[in-house]
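Presented below is the structure to which this report refers.
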Amino acid sequence: MSPVDYSNNCSKATQFLSEYAEKDGLDVRSLMDSKTRGGLTYNDFLVLPGKINFPASQVSLESKLTKKITLKTPFVSSPMDTVTESTMAIHMALLGGIGIIHHNCTPDEQAEMVRQVKKYENGFINDPVVIGPDATVGEVKAMGQKFGFTSFPVTETGKIGGKLVGIVTSRDIQFHDNSESKVSEVMTTDLVTAEHGIDLTNGNEILTKSKKGKLPIVDKQGNLVSLLSRTDLQKNFDYPNASKSFQSKQLLCGAAIGTLEQDKERLIKLVDAGLDVVVVDSSQGNSIFQISIVKWIKATFPDLQVIGGNVVTREQTASLIEAGVDGLRIGMGSGSICITQEVMACGRPQGTAVYNVCEFASKFGVPCMADGGIQNIGHMVKALALGASTCMMGGMLAGTTESPGEYFFSEGKRLKTYRGMGSIEAMQQTSTNANASTSRYFSEGDKVLVAQGVSGSVIDKGSITKFIPYLYNGLQHSCQDIGVRSLDDLRESVGNGEIRFEFRTPSAQFEGGVHNLYSYEKRLHN
Ligand code: IMP
């Protein structure tokens, strides 16, 4: 009890609080005391609100991916073959995050995906469909039906990089009855072009003035480099948060490799394609194979950033920090497609894993990524509050326009496949492709595949160009409620005990969800 009687002095309420009362809730150490409480995950606790004295739009979400790479947003897409190929990696980087390209493919295919990200220029079509002068009118008409557009640049080689000799458009072939005629006989050769290096604004201006549908971009020798399209003019957004390298201004790109000897050859190709950060992909990161490959990477490519993992304990973390990693990936058994904990009996509840690994790694300045089990913005905030710098998403990004794979319909729903990299389906693809990287879930020579993941489907989520801004704004609002202006502030205030937490009983969790409605529709953003 306070020695002073405050009952007639309401204006002193906050003073009373700071002088005499205990802080509400728990500090993070008490919350995460797994000796008394057991392992926790995101749904098991809440962050207590702080004071709002700034607009949400002022909250900075800048965060470190590795020792040397800082992103404007903490979003990372997972190296899974139903999540990240070049299209996802391009859009993740444009929106301020980064994509990690999967390695369930040949080294050349993976390197080509990295190259596509690195050479991407916003608004420019870098991989247009190109034809040669000997293609026939019939072939062009068929391509029009296949691709849904009817303008194709014509180069001597029939490929991008060849000398531009014309453009064939619907107007050139519409009333041309002889489908055997060569494109060279009908194509438009009176071309307006722009030189490679032109920026989007000037390119768009030339395109508008030319009244043409397409503006080919050529190098000094007249070889086709890319294309600007009138129909895309409206879509050429600005991306102020884009993750780019300082020197080249190219988008940042990550890729995963395994820990086998042949992964060294793979990495050489990826680095040649311009890779910025490599993720050593292993479900149990504390192995002599990973330690050895991390040391080799740091010795061979000192400028390449290396993320090691996965880890869930301080002991695993110490091994990889000592090997030289620049970042860590945390999670074992928490992924939405994962059956590792069930089959291997190994793993850790994700909240406890993130807290312990981050707490330890922060002493050595190694940023950490929370990987697996993130289902919503709240989970991200909690992962970041427990010390993570970035959040890796698989299931959240699967089923978006930018994820690999075709949509299909089942029971009236538009779906895409989402599968674990340790599912039988993914591992069988690996084992039939001798050049794919195999080591995350099985070893060379394994006769029986033991699944650690499942294959399923997820609902069409639309484009990440809407979804990532939703996550971004949601995170900003959450930080505002907590009373912090940046993710650095968040981690610091958790560390010094200012930000408080509350453990959630099962009935508290029930109360925190929608309840007692006859029906409802959960729309997350417009
Ligand atoms: P999600 O975001 O909850 O869907 O989890 C994605 C994460 O699950 C990935 O980033 C991987 O760390 C992990 N993962 C991917 N495939 C498998 C698998 O087959 N078994 C276990 N974990 C997996």
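The figures that follow rest on heavy atoms only: side chains count, while hydrogens, waters and symmetry mates do not. All ligand and atom numbering here is 1-based and tracks the order in the structure.
For ligand 1, the atoms sitting less than 4.0 Å from at least one non-hydrogen atom of Gln452 are 18 (C), 19 (O), 20 (N), 21 (C), numbered in the order shown with element in parentheses. Under a 4.0 Å criterion applied to the non-hydrogen atoms of Ser423, ligand 1 contributes the atoms 19 (O). If you number the atoms of ligand 1 from 1 as listed, the ones under 4.0 Å from a heavy atom of Gly372 come out as 3 (O), 5 (O). Heavy-atom proximity to Gly373, at under 4.0 Å, picks out these atoms of ligand 1: 1 (P), 3 (O). Here is the list of ligand 1 atoms found below 4.0 Å of a heavy atom in Ser78: 9 (C), 10 (O). Near Ile337, the atoms of ligand 1 lying under 4.0 angstrom from a non-hydrogen atom of the residue are 8 (O), 14 (N), 15 (C), 16 (N), 17 (C), 23 (C). Interface atoms of ligand 1 facing Met392, defined by a heavy-atom separation under 4.0 Å, are 10 (O). For ligand 1, the atoms sitting less than 4.0 Å from at least one non-hydrogen atom of Ser336 are 1 (P), 3 (O), 4 (O), 5 (O), numbered in the order shown with element in parentheses.
Taking a cutoff of 4.0 Å between a charged side-chain nitrogen and a carboxylate oxygen, Asp272 and Lys269 do not qualify as a salt bridge. Electrostatic pairing of Arg329 and Asp281 counts as a salt bridge here, judged by a charged N lying under 4.0 Å from a carboxylate O.
Side chain of Asn241 to backbone of Leu95: no donor-acceptor contact under 3.5 angstrom is found.
Screening Asp81, Val454, Ile337 for a side chain to side chain contact (heavy atoms under 4.5 Å, CB included) involving Arg419 leaves a single residue, Asp81. Under the side chain to side chain contact (heavy atoms under 4.5 Å, CB included) rule, Leu397 has a single partner from Met392, Met88, Glu402, Lys461, which is Met88.
Within a 6.0 Å sphere centred on CD of Glu322, other residues, nucleotides and ligands contribute 12 heavy atoms or fewer.
Not a single heavy atom of Arg419 lies less than 4.0 angstrom from ligand 1.
Proximity of Arg348 to Asn356: side-chain heavy atoms (C-beta onward) are separated by under 4.5 Å at one or more points.
Only the side chain of Met80 comes within 4.0 Å of ligand 1, judged by heavy-atom distances. Contact annotation: for Arg329 versus ligand 1, heavy atoms closer than 4.0 Å belong to the side chain alone.
Residue Gly422 has at least one N or O atom closer than 3.5 Å to an N or O atom of ligand 1. The shortest N/O to N/O separation between Met396 and ligand 1 does not fall below 3.5 Å. An N or O contact shorter than 3.5 Å links Asp371 to ligand 1 by distance. For ligand 1, one of its N or O atoms has an N or O atom of Gly395 under 3.5 Å away.
If you look at Phe360 and Phe364, their ring centroids are closer than 6.0 Å.
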Item to check | side-chain contact (heavy atoms from CB on, under 4.5 Å) assessment of Ser336 paired with Tyr418 | outcome: CA-CA 10 Å; Ser336 58; Tyr418 177 46; 3.4 Å; yes
Checklist entry - What do the steps show when you test Ser77 against Thr84 for side-chain hydrogen bond (donor to acceptor under 3.5 Å, both in side chains), and what is the final call? => result CA-CA 6 Å; Ser77 70; Thr84 312; 2.8 Å; yes
